[in-house]
Amino acid sequence: MNDNNRTSLAEIGEQYGPKEKLIRMCRQNRLAMVSAIVIVLIIVLAILAPVIAPYGEAQQDLLARLQPPSAKHWFGTDELGRDVLSRILYGARVSLVIGIIPSFLSLVGGILLGLLAGYCSGWIDYLIMRLADVMLSFPSLLLAMAIMYTLGRYANSIICLFAALSLVGWASVARVVRSQTLSLKETEYVEAARSIGVRGRRIMLRHILPNCIPSLIVLYTLNVPSCILAESTLSFLGIGVQPPAASWGLMVNQSKSFLFTMPWLAVFPCLAIMIVVLAFNFLGDGLRDVLDPYLENR
Amino acid sequence: MKSAVKRVISMIPVLLGVMLLIFIMLRIVPGDPVTVLLGEHYSQETIDRLTAAMKLDRPLLEQFISYVLGVLKGDLGISYVSKRPVTMMILQALPYTVKLALMAAAFAWVIGLFAGIIAAVKENKIPDRIFMAFSLAGVSVPVFMSALLLQYIFAFRLKLFPITSDGSILSMLLPAIALGWNSAGSIARLTRSSLIEVMQADYIDTARAKGLKRRSVIFGHALKNSLLPVITMMAIQLSSMLSGAVITESVFGIPGIGRLATTSISNRDMPLLQGTILFTTVVIILGNLIADLLYSVLDPRIRSQM
């Protein structure tokens, strides 16, 4: 990003406040707006799951096993007679928690390490960035699998998933924050702050970090769906969320043996994953257009 | 040339870091490797002998150094379950993964480039919207979903392909499409944005102004330059496909690298898991290196900076 870009960005920022920017986004990008509504709706459904779900999360009805969709069981029942709709509603809780919390943890970790690397430079920078290189060289799914395996005997599966996904995710955040810190470090206002004796920590958190926030919001919105996908993939392989908890990936995994005869068992959880991930991706794309036009199109 | 050497040297700390992390992982996992390897009914003497042979009684640093030296010689340890060298098992699985990755990459490149070019040429018109929606859907769908869907429709319903793969080209087609789908989406998006950017350059205006047809401007002038970043991405994607399509291989039952990883986890076979992770990571690091070098070979502007 060169200086020209930044002045024009600053001008845009002066012209439109954050509120106007959001309103502009809603007008320009209907898809992003609809996605935001869908996300809110899913969050509400997930919170209200115990109230609105017709059956319990693991409530079995062995007399009504493997039933096709009907008025009584809208999405049918699985091999233990559990209501698929209810399990999808409960599964939304798992997916959202696992989408939101590890992304947040890796965001915080990435911000701190990225600021430190960009601001301090020298051997600290070298060390942190090589560590980020190392983390980014691992195939992320295999790394998450290995972490799940290594930590699996020390903690329960949800905690392990938090750890695995945040350890996988911080490195890319750190790279973005570092590169922005490097360019912001040279700006006049940072120099001014330093010249009146503001300390490094304050400069990083008060002067540099706020300017990274737009791209971080975008990065966060796009990290959530990749965490949700990673969770469902791990659960699909049987090393994510452990039964009897309801997770969409796990539901697909458990339906594998009935796939050809009772495809609805797999279809509904898959659709749920797709809708959530698409909504977050559309929202992230829309936010990027508004907040951070210069962030590289990934 | 100098910077290429520098780039290669910069890989060394990363590789060491990767090995260190993998080594630490082995230490964290509970269970003594010797008892796991031998089983329970062995005398203390045998256990001590094996501990010494595996250098497990040595200080950690020495163990790490001998691990690194072993890896450099191609020794990735012995599988707890099959009791065979991990290197052998990886080499046996590799041909399946290579075949799958090449086919998936070919699919992704053809579809991705085609869709990206059409989308860029018809920017903001209906074909563009359709292709871009498809590519976003491609990125948003979990691989197991597209794999299961393809398997259900084309193998089970239409019976055009075998349900599980035996390694033949025909049986590899569905897995390759499932694996290439995501990459096709990202290639299409990158091709589109890069081509649109190049089309705004002055020399494109010049070419148009001297009366060249739109088609020959796009294919003769613009495409070549816009493909530079795409080629880099292709190289990176190929290496990540080679590093094992864990999901695709598990859905279609292909005995490749990804399958080794999943079986090693369900069998609690730590050396095999370590070996596959190290192998795949090295493939990815090399892929990134090749992508960087390729980029500098193809782009004279970067070459002159070297």
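Within every chain, numbering begins at 1; the chains are lettered A, B, ... in the order of the sequence lines, protein sequences first and strands thereafter. Because the structure is a prediction, the values reported are computed rather than measured.
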- [ ] Mind running side chain to side chain contact (heavy atoms under 4.5 Å, CB included) on B:Val143 and A:Thr233 for me, showing each step along the way?
- [x] CA-CA 8 Å; B:Val143 181; A:Thr233 306; over 6 Å; no
- [ ] Take B:Val14 and A:Arg130 through the test side chain to side chain contact (heavy atoms under 4.5 Å, CB included) and record every step on the way to the result.
- [x] CA-CA 6 Å; B:Val14 175; A:Arg130 285 302 81 73; 4.2 Å; yes
- [ ] Step by step, work out the side chain to side chain contact (heavy atoms under 4.5 Å, CB included) result for B:Phe144 and A:Cys270.
- [x] CA-CA 9 Å; B:Phe144 62 79; A:Cys270 278; 4.2 Å; yes
TODO: Please step through side chain to side chain contact (heavy atoms under 4.5 Å, CB included) for the pair B:Thr262 and A:Met145, ending with a clear verdict.
DONE: CA-CA 9 Å; B:Thr262 35; A:Met145 280 166 69; 4.0 Å; yes
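A:Tyr149 is not listed as a side-chain neighbour of B:Ser264, based on a closest heavy-atom distance of 4.5 Å or more. B:Val141 is not listed as a side-chain neighbour of A:Val277, based on a closest heavy-atom distance of 4.5 Å or more. Within the 4.5 Å cutoff, the side chain of B:Ile277 has no heavy atoms near those of the A:Leu143 side chain.
Using a 4.5 Å cut-off between heavy atoms, A:Phe138 touches chain B through backbone and side chain atoms alike. Proximity to chain B is absent for every atom of A:Met148, based on heavy atoms less than 4.5 angstrom apart. Both the backbone and the side chain of A:Leu278 come within contact range of chain B, with heavy atoms under 4.5 Å apart. If you measure heavy-atom distances from B:Leu273 to chain A, the contacts under 4.5 Å come from the side chain alone. Neither the backbone nor the side chain of B:Leu15 comes within less than 4.5 Å of any heavy atom in chain A. With a 4.5 Å cut-off on non-hydrogen atoms, A:Pro139 touches chain B through its backbone and its side chain both.
Atom CH2 of A:Trp170 has more than 12 neighbouring heavy atoms from other residues, nucleotides or ligands inside a 6.0 Å radius. Atom CD1 of B:Ile126 sits in a sparse spot, with 12 or fewer heavy atoms from other residues, nucleotides or ligands closer than 6.0 Å.
With values rounded to the nearest 0.5 angstrom, A:Leu136 atom CG is found 10.0 Å from B:Ile284 atom CD1. In this structure, the separation between OG on B:Ser10 and CG on A:Asp133 is 8.0 Å, given to the nearest 0.5 Å. Residue B:Ile247 holds its CD1 atom at 4.0 Å from CG of A:Leu237, rounded to the nearest 0.5 Å.
Residues of residues 146-155 of chain B lying under 4.5 angstrom from chain A, judged on non-hydrogen atoms, are B:Leu148, B:Gln151, B:Tyr152 in numerical order.
Scanning all heavy atoms of the two residues, the minimum distance from A:Ser137 to B:Thr281 falls at O-CG2, 3.4 Å. Of all heavy-atom pairs between A:Ile273 and B:Pro142, the closest is CG2-CG, 3.8 Å.
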